[in-house]
Amino acid sequence: MSVFESEKQSVSIEKNNNGVAVIRINSPGSDNNLIDLSAFLEIEKFLEEIESGLDMVESDDEITAVVIESGKARSFINGADISEYLDFMLADEGRTYSMKTQSITEKIDGSRAPFVASINGPCLGIGLEIAIACDYRIASDSADTYLGMNQIEYGLIPCAGGMYRLAGMIGLKDTLDLLLSGDSVNAGYAENIGLLDEVVPVELLGDIARQRALELAKKELKTGGFEIRGMLNKLVSDNPASRKMTIERARKHIKYHSEHNAGAAAMAIDALETGLSNLSRGLHAEAVYFGELCVTRYAKQMIRTGLAISSLRERVASIPDKPLSKLAVIGTGGAGPAVACLAARHDIAVRIKGENREDAASALGKCYGYQQKNPKESRAGISHTDNKFDRISASYDYSGFRNADAVLESLGEDPDPKIAVLRDVESLAGGDRLYISNSFILPVSEISAQSRMPENVIGMRFFDPIFENELVEIIRTVKTSENALVKARAFVRDIGRLPIVVSDGAGSFTPRVWMCYLNEALHLIAEGLSLESIEDAMTEFGFDRGPLAMIDDLGADLVESSLSTLHRYFGERIKPHPFLESMIINERLGRKSGRGFYKY
């Protein structure tokens with residue numbers, strides 16, 4: 001067995017007696033595999049100088065096939081080590097990096113011996129580019145296995161030639177969809193669209209992958225099982241008129257939807273269009289664009305954000321287990337039904353209380369609607385049954401609340417009904433349950449001060465869109481117990497979200513900072529800055545959209561109301577700009593009224 005290691009990366013290559021070589025990726029010190037630049041350079045050196053590993057396939061008759069697999073239990077390749085991109089000061093550094101990765105995937109694609117990608121766990125970004133350069137892709141049926149081209153999330157584009165192979169594999173339309181959305185798809189969906197050749201039980205994956213490699217070497221197995229799809233894909237890719245129509249449709253989408261990563265999206269479309277006509281020119285365009293994007297302030301900001309979130313995920317994984325089996329939800333508006341859906345999908349039984357029979361039925365209808373209208377989950381192949389809708393029930397009284405491990409109240413910003421509900425819940429038998437109060441601005445201490453058990457009361461704030469936003473604020477008062485905090489953090493983690501713990505206060509933490517940020521944008525307008533310059537400056541910095549677009553999305557009335565509430569707590573330090581009142585008077589509320597700073 002030949003093994004080489006870089007400082008952050010371990011790649012081993014071993015040859016089995018049957019002639020199948022196995023390349024195993026195993027990043028030391030992490031649960032996830034990330035490909036770093038030094039590993040790519042070592043692989044290139046391995047290919048060119050030693051004539052073993054990947055190149056050994058072409059010179060050693062004993063090796064007839066290669067399997068690429070992971071040494072991790074739940075990670076194939078999560079992508080590149082994006083922290084290294086922060087070191088790129090010149091566009092030429094990114095271009096050189098891209099050309100290196102292109103040469104390696106080209107070696108895999110052009111090898112005389114077949115390559116099989118054995119995928120268990122996330123296969124993202126450059127990990128997917130490596131996988132689709134292989135002759136055969138087989139994946140486990142694990143829920144942890146999903147595939148995607150997520151570079152756009154960091155303001156980047158693919159860099160290893162993968163988008164051209166992808167277009168020939170699944171078609172131009174689906175390729176653009178994956179590239180521009182950054183979404184991931186599960187193994188079943190990936191197999192349906194032709195991205196995977198086979199999906200098998202996780203415990204059989206390694207053995208079947210090696211068997212498929214032997215069958216390919218002996219020409220007992222043919223690749224390209226999706227012949228009809230492949231024919232249609234080729235017709236679209238080779239037909240200039242059809243190709244142009246699809247490309248133009250994608251360009252219009254990023255233009256009219258004001259995507260925050262529109263620059264990267266436009267470059268991805270241009271490079272893909274060029275490569276479909278002339279592959280070598282397309283690869284050159286891809287490398288040049290990737291290099292240019294790597295040194296933009298936007299990409300660097302998004303990379304830093306991504307690294308911070310990755311660090312948070314590692315800390316969240318170490319939260320002690322405090323599983324909830326039943327959640328009671330009070331409030332059929334706001335976050336209530338959405339959180340109920342998230343909990344049910346993660347095997348937590350949910351009981352929602354409405355004000356009356358019609359309100360309770362409406363809550364169930366909202367839950368059903370969320371599941372039907374959530375495009376990300378639909379793309380991932382999650383069905384109505386998979387969403388475990390039957391774990392949600394509704395009532396218009398407190399029946400079913402006594403056995404709840406936690407109660408989540410989502411009744412808006414008026415403290416009176418929130419306090420009334422708290423007293424009702426505390427009067428129920430069953431005692432020591434977690435009580436979660438959800439609000440946007442109102443301090444949690446105003447609610448917990450009326451509690452007989454303030455140590456069990458904690459705040460929780462979800463951010464729209466709830467099904468896409470991973471971050472959840474947990475607000476701890478001075479009387480919240482450590483046990484309640486651990487339970488709350490574990491609950492947020494168990495519903496697939498990332499908890500951030502903040503101290504209690506009006507709007508703490510994110511809404512207060514957010515509202516001040518929006519208010520400052522209005523002051524800049526009053527000082528004479530143009531709307532365009534404000535929006536462009538903040539999107540270039542790394543925000544997904546500018547502050548004025550955010551005001552339109554939230555509604556000028558909601559922003560004014562939130563700032564007015566903060567003004568009561570903080571005085572002149574936070575005072576709503578008069579411009580908001582003028583917008584409300586002139587019915588320029590934003591998206592919901594059809595006009596605000598923008599027209600809709």
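Everything numeric in this text was worked out from a predicted model, so none of it was measured.
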| message | Tell me whether the count of non-hydrogen atoms from other residues, nucleotides or ligands lying under 6.0 Å of CZ in Arg74 goes above 12. | response | no
| field | Over 12 foreign heavy atoms within 6.0 Å of NZ, Lys479 | value | no
| Under-4.0 Å salt bridge between Lys487 and Asp494 | no
| said: Within a 6.0 Å radius of atom CG on Asp31, are there more than 12 heavy atoms belonging to other residues, nucleotides or ligands? | reply: no
| query | Checking Thr305 side chain against Gln301 main chain: does a donor-acceptor pair fall under 3.5 Å? | reply | yes
| request: Can you establish whether the number of heavy atoms outside Tyr569 located under 6.0 Å from its atom OH is more than 12? | output: yes
| remark: Tested for side-chain hydrogen bond (donor to acceptor under 3.5 Å, both in side chains) against Gln450, the lone hit among Arg423, Lys418, Glu426 is Arg423
| In terms of the angle between their ring planes, are Phe401 and Tyr398 parallel, tilted or perpendicular, with boundaries placed at 30° and 60°? | perpendicular
| query | Thinking salt bridges, do Glu409 and Lys353 make one under a 4.0 Å N-O criterion? | reply | no
| field | Short side-chain to backbone donor-acceptor contact, Arg489 and Leu498, under 3.5 Å | value | no
| query | Are the charged groups of Asp197 and Arg137 less than 4.0 angstrom apart, N to O? | reply | yes
| message | If we count only N and O atoms by modelled type, under 3.5 Å, do the side chains of Arg351 and Ser399 hold a donor and an acceptor together? | response | yes
| task | Show the numbers, then the answer: is there a side-chain hydrogen bond (donor to acceptor under 3.5 Å, both in side chains) between Asn438 and Ser410? | result | CA-CA 5 Å; Asn438 169 255; Ser410 181; 3.1 Å; yes
| query | Distance-only, no hydrogens or angles: does the Thr480 side chain make a donor-acceptor pair with backbone N or O of Arg476 under 3.5 Å? | reply | no
| said: For Glu587, I'd like to know if atom CD has over 12 heavy atoms of other residues, nucleotides or ligands within 6.0 Å. | reply: no
| said: Is it the case that the side chain of Arg433 and the backbone of Asn456 share a donor-acceptor pair, with hydrogens and angles ignored and the cut-off at 3.5 Å? | reply: no
| message | Please check this pair: side chain of Ser118 against backbone of Glu69, looking for a donor-acceptor N/O pair closer than 3.5 Å. | response | no
| request: Mark yes or no for whether Ser75, through its side chain, and Gly121, through its backbone, hold a donor-acceptor pair below 3.5 Å. | output: no
| query | Can you list the steps and then say if Glu560 with Ser564 is a side-chain hydrogen bond (donor to acceptor under 3.5 Å, both in side chains)? | reply | CA-CA 6 Å; Glu560 196 277 337; Ser564 295; 3.0 Å; yes
| query | Has Phe463 got more than 12 heavy atoms of other residues, nucleotides or ligands less than 6.0 Å from its CZ? | reply | yes
| Any sub-3.5 Å donor-acceptor pair from Asp552's side-chain atoms to Phe597's backbone N or O? | yes
